[in-house]
Amino acid sequence: MFGIALVHWAFPPTVGGVETHLWEYSQRLAAAGHRVTVITGTPDADVPDGVELLYHEGLDLSRADRRDERDAQLEGWLELALGTREIDLVHGHNLHHFEPEPAQALTRLRAKLGFRLLHTYHSLWPDEPGHPAAEAVREWNGHCVVSKFLADSYASVLKLHPRPTVTYLGVGVSRYRDIPSLPDDLTTILLPGRLIPDKGAEQALLAFADLVSRRPDGARLRLLLTETPKQVDYHGERNGFRGRLNDLVAKHRLRDQVEFVEAGWAKMPALYERAHIVLCPSVFDEPLGLAALEAQCAARPVVATQVGGHSEAVVDKKSGLVVPADDVEQLARAIAQLLDDPALARTMGTHGRTRVLDRFDSERSYPTMLISYYRYLDEHGVLPPSAFDGHAPAGRETLDLGHAVAVHQDVELPVG
């Protein structure tokens, strides 16, 4: 069993796909017997069973004050935290942007403390080539991405070699699996995204206004937009955006039909159960789209835009409908198609749930990430038969580690 440190800027109750994934993933690792320490910049974070959680303000992106002082303290604090816990491997998440100090400190401590460094890229920013954090992470032992889209992007943008391994995010399916299937009367539409412009809330509101004005049953429709008070907003994208949405609601006289609902990790199952159609209308290149996977696990059809990794998360005309980004007319048309055909909506929801259970269930698939861990921890490249402790993939009770990695480089690994 390993001593594993997972390092990320935020953790639930902070809302976000990375945060949701890490809560689920850390709990899985701990349940398998590994010593798991989460290091984060979220004070008073929710702690999964069996996981130790450490906070340091050097990872807290909401604190711009005393930055020089906290950065100077971070490396010494990390050395003490990691050295006294016998950490074998540090797995960083999205440490390649925002601020460079955590990635730089971990890079320097690797030689001193003897741990291995693995990094997962959950998103791509235009300024990453040459960014000090991205350059620090480049020299780490291994690199993973959460979609084929990101693998292609990082192979060309950062010129990572060898090509990053695709390790799809897993869904905690037990939280969504028992949500009832859709009724015959479809009225409620949910956008489970942070209220920032990139997530497409403005486009969703305009499409909804069009539907309400054109349909005989328009007055019965409801649109749920999620409020996420606890989120990382490093660039101030939320500033003024809620006001713009309020103006649109007032302009189109939708106050009785648009509801802003508070979202968070614990609240999402109830929101998916309340919804009949789920929108993912992002206008930027989504890395993958964990919300789309959660919605499908809840047997809800998804209308998503054709951006980034969405095509890997949603199968057009099977688990949902995929439309061009920033096209309000086609977004409205796709929603109307599902409202008018509840049987089609149910069929898509059922297909989506089956697909997520088969390919994105974190409980069944997370051990594939351990293959990468063994790869970076075993200097001789031979995986002993006992290494998986019952978690080996089917048919691979004994694995040569070099072969295992070669096998998995070009296939879809569902978690990481």
Side-chain angles (χ1 to χ4, degrees), residues 11-28 46 48 122-123 146-147 167-182 188-195 199-201 204 224-228 231 261-282 286-305 307-315 318-322 338 345-346 348-366 412 414-416:
F11 202 73
T14 301
V15 175
V18 187
E19 291 76 20
T20 298
H21 163 66
L22 286 177
W23 201 99
E24 180 74 29
Y25 183 51
S26 63
Q27 188 177 54
R28 296 292 180 200
D46 298 335
H122 292 261
S123 57
V146 300
S147 65
T167 55
Y168 282 137
L169 299 182
V171 175
V173 300
S174 61
R175 303 178 65 227
Y176 307 104
R177 179 169 47 199
D178 297 329
I179 291 176
S181 60
L182 291 172
T188 306
I189 302 157
L190 167 69
L191 196 166
R194 291 171 291 141
L195 282 186
K199 292 293 185 178
L224 310 180
L225 299 176
T226 50
E227 295 263 41
T228 51
Q231 70 176 64
V261 294
E262 185 173 340
W265 185 86
K267 298 177 183 292
M268 293 315 299
L271 286 178
Y272 287 125
E273 181 168 357
R274 183 179 172 189
H276 300 144
I277 298 167
V278 174
L279 305 184
C280 296
S282 299
E286 283 278 4
L288 176 65
L290 186 60
L293 295 176
E294 292 174 344
Q296 290 172 85
C297 192
R300 296 307 184 250
V302 177
V303 179
T305 45
V307 295
H310 266 173
S311 62
E312 297 168 64
V314 181
V315 181
K318 289 188 176 180
S319 60
L321 298 172
V322 179
L338 295 172
R346 271 194 298 272
M348 288 183 171
T350 300
H351 182 278
R353 172 175 282 176
T354 300
R355 182 169 180 264
V356 171
L357 292 176
D358 287 346
R359 301 181 62 187
F360 297 97
D361 179 352
S362 65
E363 184 173 1
R364 292 174 51 195
S365 61
Y366 88 93
E412 299 165 354
V415 68

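The two atoms that bring Y272 and A291 nearest to each other are OH-O, 3.4 Å, heavy atoms only. Among all heavy-atom pairs drawn from P48 and S26, the shortest one is CG-OG, 3.5 Å. When all heavy atoms of A204 and P281 are compared, the pair lying nearest together is CB-CG, 4.3 Å. Taking each heavy atom of S319 and Q296 in turn, the nearest pair found is OG-OE1, 2.9 Å. Here the closest non-hydrogen pair linking C280 and H310 is O-CE1, 3.2 Å. Closest approach of P301 to L182, counting heavy atoms only: CD-CD1, 3.6 Å.
Side chains of V322 and S311 form no contact here, defined as non-hydrogen atoms less than 4.5 Å apart. At a threshold of 4.5 Å between non-hydrogen side-chain atoms, the residues L288 and L293 count as touching. Within the 4.5 Å cutoff, no side-chain heavy atoms of M268 are placed close to those of T20. At least one side-chain heavy atom of R353 sits less than 4.5 Å from a side-chain heavy atom of I179. For the pair D46 and W265, the minimum side-chain heavy-atom distance is 4.5 Å or more. Between V278 and E294, the closest side-chain pair of non-hydrogen atoms is not below 4.5 Å. Contact check for K199 versus S282: side-chain heavy atoms found under the 4.5 Å cut-off. A heavy-atom distance below 4.5 Å is found between the side chains of E312 and Y168.
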- [ ] Test L338 against H276 for side chain to side chain contact (heavy atoms under 4.5 Å, CB included), laying out the working first.
- [x] CA-CA 9 Å; L338 295 172; H276 300 144; over 6 Å; no

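Among I277, T226, L225, the single residue meeting the side chain to side chain contact (heavy atoms under 4.5 Å, CB included) criterion with L190 is T226.
To the nearest 0.5 Å, atoms CG (L169) and NE2 (H122) are separated by 6.0 Å. Summarising the geometry, atom CG belonging to L224 is positioned 10.0 Å from atom CG belonging to L279; distances are rounded to the nearest 0.5 Å. How far CD of E286 is from OG of S147: 10.0 Å, rounded to the nearest 0.5 Å.
Between the side chain of R355 and the backbone N or O of F360 there is no donor-acceptor pair closer than 3.5 Å. With hydrogens and angles disregarded, no donor-acceptor distance shorter than 3.5 Å links the side chain of R177 to the backbone of C297.
Here E273 does not pair with R300 in a salt bridge; the nearest charged N to carboxylate O distance is not below 4.0 Å.
Between the side chains of E19 and T14, no donor N or O sits under 3.5 Å from an acceptor N or O.
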